[in-house]
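A short write-up of the structure that comes next.
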Amino acid sequence: MLFRKTEDVLNLVIRRLPIILLQLSLVSLSVAEPLAKGIQDNSFFVEEAYNQEPGVVQHILNVPVFFTGSGKESTPSFTQEWPVFSQTHQFSYTLPHTFAEEESGLEDIRLNYRLQALMESEWDPAFAPRFSLVIPTGDADKGFGHARLGYEINLPFSKIVSNRWSVHFNAGGSVFPDVNDRDLVNYNLGGSAIYAVSSNFNLLLESVAFWEEDVDNERNVDRTLTALLSPGARYAFNLPNEAQLVVGLAVPIGLTSDSPDYGLFFYCSFEHPFVRTK
């Protein structure tokens with residue numbers, strides 16, 4: 001009798017084994033991180049809505065080179081992002097410089113604060129509004145600034161929509177008060193879609209548009225619309241001690257008469273812990 005009961009139990013387990021294995025595999029897939037999460041906060045033109053994790057600093061070097069007709073201009077910038085006690089608050093600064101054929105020099109420096117207002121969840125996007133002070137360090141006579149303190153805001157949203165796809169959206173603007181008796185107001189929009197070929201290799205398609213105002217000494221306001229479509233790729237090297245190096249390349253294409261004809265965009269980011277975290 002005992003042998004028959006044991007045999008019945010074994011037969012039941014054998015019959016149910018494929019179902020059990022299938023359920024376990026589905027659970028493991030649901031627990032695993034999506035491939036789209038392997039590289040984050042490393043876009044080129046569109047800001048991603050992810051603050052730095054506690055104890056982790058990021059160093060970013062952007063080197064765009066734009067070609068218009070027979071001329072070219074390069075505007076490299078260096079950004080450093082620091083968490084402020086937690087991922088909720090982040091401070092960063094950006095140091096831009098322009099190398100043009102006629103003039104070169106430092107542009108206005110930006111001091112940035114970003115609030116992680118929403119953490120990404122299954123249904124909610126990440127949302128991290130940024131407020132920046134634009135410090136008038138650039139030479140206004142060379143066109144590298146407005147010689148006035150400026151104020152900038154950007155509203156970035158980010159969402160992983162599948163295992164391999166993530167999307168990002170930006171909307172923002174800036175104000176430069178009393179530039180030759182004019183208040184200059186600028187706007188920007190941007191969006192991108194990123195496909196994770198693997199957790200360490202992504203393909204990007206970004207699109208950005210900038211509506212900008214400038215004023216001359218006669219108080220005439222010049223309005224321009226710059227729009228770019230930029231396909232690109234990025235690759236991450238995961239290093240010891242939880243460090244990550246990300247390199248990328250893009251080929252932006254101008255879409256309006258005020259835009260450059262085309263360009264090359266080189267990207268390099270190094271992210272590493274600066275304190276021990278539990």
Specify whether Tyr195 and Trp165 have parallel, tilted or perpendicular ring planes, treating 30° as the upper limit for parallel and 60° as the lower limit for perpendicular. tilted
Ser158 side chain to Glu120 side chain, donor-acceptor N/O pair below 3.5 angstrom: no
Side chains of Ser259 and Thr68: does their closest heavy-atom pair fall under 4.5 Å? no
Quickly, which of Asn51, Asn154, Thr88 forms a side chain to side chain donor-acceptor pair (under 3.5 Å) with Arg114? Name it, please. Asn51
Side chains of Thr98 and Thr75 only: does a donor on one sit below 3.5 Å from an acceptor on the other? no
Kindly assign one of parallel, tilted or perpendicular to the pair His59 and Phe270, based on the angle between their ring planes and the thresholds 30° and 60°. parallel
Do any N or O atoms from the side chain of Lys37 and from the backbone of Asn163 form a donor-acceptor pair under 3.5 angstrom? no
Classify the angle between the aromatic ring planes of Phe91 and Tyr93 as parallel (below 30°), tilted (30 to 60°) or perpendicular (above 60°). tilted
Can you find a pair of side-chain heavy atoms, one from Phe210 and one from Ser174, that are under 4.5 Å apart? no
To the nearest 0.5 Å, how far apart are CZ in Phe66 and OG1 in Thr226? 9.0 Å
Would you check if there is a donor-acceptor pair between the side chains of Asn188 and Asn170 at a distance under 3.5 Å? no
d(Ser207 OG, Leu189 CG) to nearest 0.5 Å is 9.5 Å
For Ser77 and Pro96, the nearest pair of non-hydrogen atoms, with its separation, is CB-CA, 3.9 Å
Kindly indicate whether the side chain of Asp108, heavy atoms from C-beta on, has any atom under 4.5 Å from the side chain of Phe144. no
What is the minimum heavy-atom distance between Pro156 and Ala49, and which atoms define it? O-CB, 3.3 Å
Quick one: pull up CG in Asn202 and CD1 in Ile194 and give me the separation to the nearest 0.5 Å. 6.0 Å
With a 4.5 Å cut-off on side-chain heavy-atom distances among I, L, V, M, F, W and Y, is there a chain of contacts connecting Phe44 to Val251? no
Hydrophobic cluster identity match, Phe237 and Phe201, side-chain contacts under 4.5 Å: yes
Single-linkage hydrophobic cluster Leu184~Phe131, side-chain heavy atoms < 4.5 angstrom: no
Of all heavy-atom pairs between Leu149 and Val134, which one has the smallest distance, and what is that distance? CD1-O, 3.4 Å
Residues Glu102, Lys142: salt bridge by 4.0 Å N-O rule: no
What's the spacing between Gln52 CD and Gln116 CD if we round to 0.5 Å? 10.5 Å
With the side chain counted from C-beta on, respond yes when Asp41 and Glu271 share a heavy-atom pair under 4.5 Å apart, and no when they do not. no
Salt-bridge criterion met for Arg234 and Glu48 (N-O under 4.0 Å): yes
Under a 4.5 Å cut-off applied to non-hydrogen side-chain atoms, are Glu101 and Glu73 in contact? no
Would you mind reporting whether Arg223 and Trp211 have side-chain heavy atoms less than 4.5 Å apart? no
Ile39 CD1 to Ser199 OG distance, which is reported to the nearest 0.5 Å: 7.5 Å
Asn180 and Arg219: which non-hydrogen atoms are nearest, and at how many Å? O-CG, 3.2 Å
Within the side chain of Asp222, is there an N or O that forms a donor-acceptor pair under 3.5 Å with the backbone of Asp214? no
Report, as yes or no, whether the 6.0 Å neighbourhood of atom CD on Glu53 holds more than 12 heavy atoms from other residues, nucleotides or ligands. no
Which of Phe157, Tyr50, Phe169 passes ring-ring contact (aromatic ring centres under 6.0 Å, His included) with Phe127? Answer is Phe157
Which heavy atom in Arg148 sits nearest to a heavy atom in Asp178, and how many Å separate them? NE-O, 2.8 Å
Please check: side-chain N/O of Ser192 versus main-chain N/O of Val46, any donor-acceptor pairing under 3.5 Å? no
Is it true that Val161 and Leu205 fall in one hydrophobic cluster, defined by side-chain heavy atoms closer than 4.5 Å? no
What one should report as the nearest heavy-atom pair of Gln40 and Asn42 is O-ND2, 2.7 Å
In plain terms, say whether Glu213 and Arg182 are close enough for a salt bridge, that is, a side-chain N and a carboxylate O under 4.0 Å apart. no
Leu225 with Tyr187, same ILVMFWY side-chain cluster at under 4.5 Å: yes
So that I know where these two stand, are Phe67 and Tyr262 an aromatic pair - ring centroids less than 6.0 Å apart? yes
Determine, step by step, whether Leu115 and His89 satisfy the side-chain contact (heavy atoms from CB on, under 4.5 Å) criterion, reporting the C-alpha distance in whole Å, the side-chain angles of both residues, the deciding distance to 0.1 Å, and the verdict. CA-CA 5 Å; Leu115 172 69; His89 308 283; 3.9 Å; yes
Minimum side-chain heavy-atom gap Pro260-Leu228 below 4.5 Å: yes
Phe265 side chain near Ser230 side chain, heavy-atom distance below 4.5 Å: no
Distance from Thr137 atom OG1 to Arg110 atom CZ, nearest 0.5 Å? 9.5 Å
